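Below you'll find the structure, written out as structure tokens, and then a few comments.
Excluded from the calculations below are hydrogen atoms, water molecules and symmetry mates; all remaining heavy atoms, backbone and side chain alike, are included. Fair warning: this is a prediction, and the values are worked out from it, not measured in the lab. One-based numbering, in listed order, for ligands and for the atoms of each.
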Amino acid sequence: MANDRRPDDMKRIATKEQAEAFIAEQVKELQAQIGDKKVLLALSGGVDSSVVAALLIKAVGQQLTCVHVNHGLLRKGEPEQVIEVFKNQMKANLIYVDATDRFLDKLAGVSDPETKRKIIGGEFIEVFAEEARKLDGIKFLAQGTIWPDILESEKGIKAHHNAGGLPEDMKFELVEPVKILFKDEVRVVGEALGLPANMVYRQPFPGPGLGVRCPGAITRDRLNAVREADAILREEFAKNGLEGKVWQYFTVVPDFKSTGIKDGKRTFDWPVIIRAVNTTDAMTATVQEIPFSLMQTLVSRITSEVPGVNRVLYDFTPKPSATIEYE
Ligand code: XMP
């Protein structure tokens with residue numbers, strides 16, 4: 001019988017050997033729980049769902065169906081990496097749904113942050129449920145619930161966001177193989193399962209994705225600017241040894257334009273705001289110091305490579321008074 005709660009005396013998983021012992025035990029428990037039945041998983045490409053996918057592939061192989069919904073608000077290269085790692089390398093049964101148009105059409109003209117989040121969350125469940133309905137004989141729904149999710153929902157801090165949201169008529173039994181683990185342990189287990197380091201150690205990324213970094217009503221061209229600038233920022237941070245050292249870094253493209261000059265001609269384009277922060281619990285955050293030479297490289301690359309951008313700004317504001325994200 002699987003542990004429903006983290007045993008008080010459980011040692012923190014920090015080594016490959018400990019991770020392998022956990023994996024061996026979980027694989028046995030998953031096989032016992034699932035038998036010859038089918039399992040469904042919403043695979044976002046985030047750490048938790050990726051580790052759950054890898055564990056289930058090891059335990060029940062093709063009995064698992066992963067659904068990766070691209071809501072059009074993912075970072076550059078993310079859907080491609082999910083397909084490469086899970087479909088091509090791990091041979092998972094993966095359904096890829098490019099729902100970009102559906103999400104962006106629904107979001108067109110919507111500027112209120114909470115309404116945007118609700119649309120993204122609601123549409124996500126709808127797309128996932130539609131895919132689930134097309135499949136026969138699914139008995140289980142796997143989820144990347146982790147121990148802090150359970151503690152926080154018990155304390156009433158946040159609703160156990162993983163659990164459900166699916167329509168009433170879709171009843172699945174839950175499979176939650178990492179629910180007694182802390183985040184750092186999930187990463188160690190993910191590495192031992194052979195997932196790439198940039199997937200396992202990636203920075204936090206909100207569910208509504210780049211949508212909250214494109215403040216106000218999202219347009220495709222401004223969203224593209226956020227995505228391209230973010231890719232440059234990630235590339236330069238990696239080149240300069242900041243990847244894995246800075247807790248979270250990203251770009252925002254606000255909905256206003258200012259004048260500039262390019263090739264001797266006046267431009268009227270957006271600024272890109274860079275945000276790079278450190279924190280332990282995301283309740284407060286400090287701003288990362290960035291070497292001036294790196295800033296100059298970022299300004300030069302972003303203004304020359306990202307269409308529609310003529311300025312780069314750095315956000316020096318800690319949390320509080322600002323939040324980490326812009327919406
Ligand atoms: P804020 O902006 O509130 O963000 O200072 C704190 C941390 O939470 C992340 N964040 C989210 N994560 N779904 C998530 O899974 C969300 O809707 C969401 N909103 C913010 C944010 O990226 C930061 O790490």
Under 3.5 Å donor-acceptor pairs involving side-chain atoms of residues 281-296, not counting sequence neighbours:
{"unit_1": "Asp281", "atom_1": "OD1", "unit_2": "Met283", "atom_2": "N", "d": "2.9"}
{"unit_1": "Gln288", "atom_1": "OE1", "unit_2": "Asn278", "atom_2": "ND2", "d": "2.7"}

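Every N/O-N/O distance between Arg213 and ligand 1 stays at or above 3.5 Å. Polar contact check, Ile324 against ligand 1: a nitrogen or oxygen pair lies under 3.5 Å apart. Remark: ligand 1 and Trp247 share no N or O pair separated by less than 3.5 Å (distance only, no angle test).
Close approach of ligand 1 to Gly207 is summarised as follows: ligand atoms under 4.0 Å from at least one heavy atom of the residue are 13 (N), 14 (C), 15 (O), 16 (C). Against a heavy-atom cut-off of under 4.0 Å, Thr323 is close to the following atoms of ligand 1: 1 (P), 2 (O), 5 (O). Here is the list of ligand 1 atoms found below 4.0 Å of a heavy atom in Pro208: 16 (C), 17 (O).
Contact annotation: Arg117 has at least one heavy atom less than 4.0 Å from an atom of ligand 1.
Partners of Arg102 according to the salt bridge (Lys or Arg N to Asp or Glu O under 4.0 Å) rule, which considers only residues two or more places apart in sequence or in another chain, are Glu123, Glu126, Glu130.
By the 6.0 Å contact criterion, NZ on Lys239 is enclosed, its count of non-hydrogen atoms from other residues, nucleotides or ligands being greater than 12.
Contacts with ligand 1 closer than 4.0 Å are made by no heavy atom of Ala285, backbone or side chain.
Panel note: side chain Asn240, backbone Leu242; no donor-acceptor pair is recorded below 3.5 Å. Between the side chain of Arg12 and the backbone N or O of Asp184 there is no donor-acceptor pair closer than 3.5 Å.
In summary, the side chains of Glu176 and Thr145 do present a donor paired with an acceptor at a separation below 3.5 Å, with no hydrogens or angles considered.
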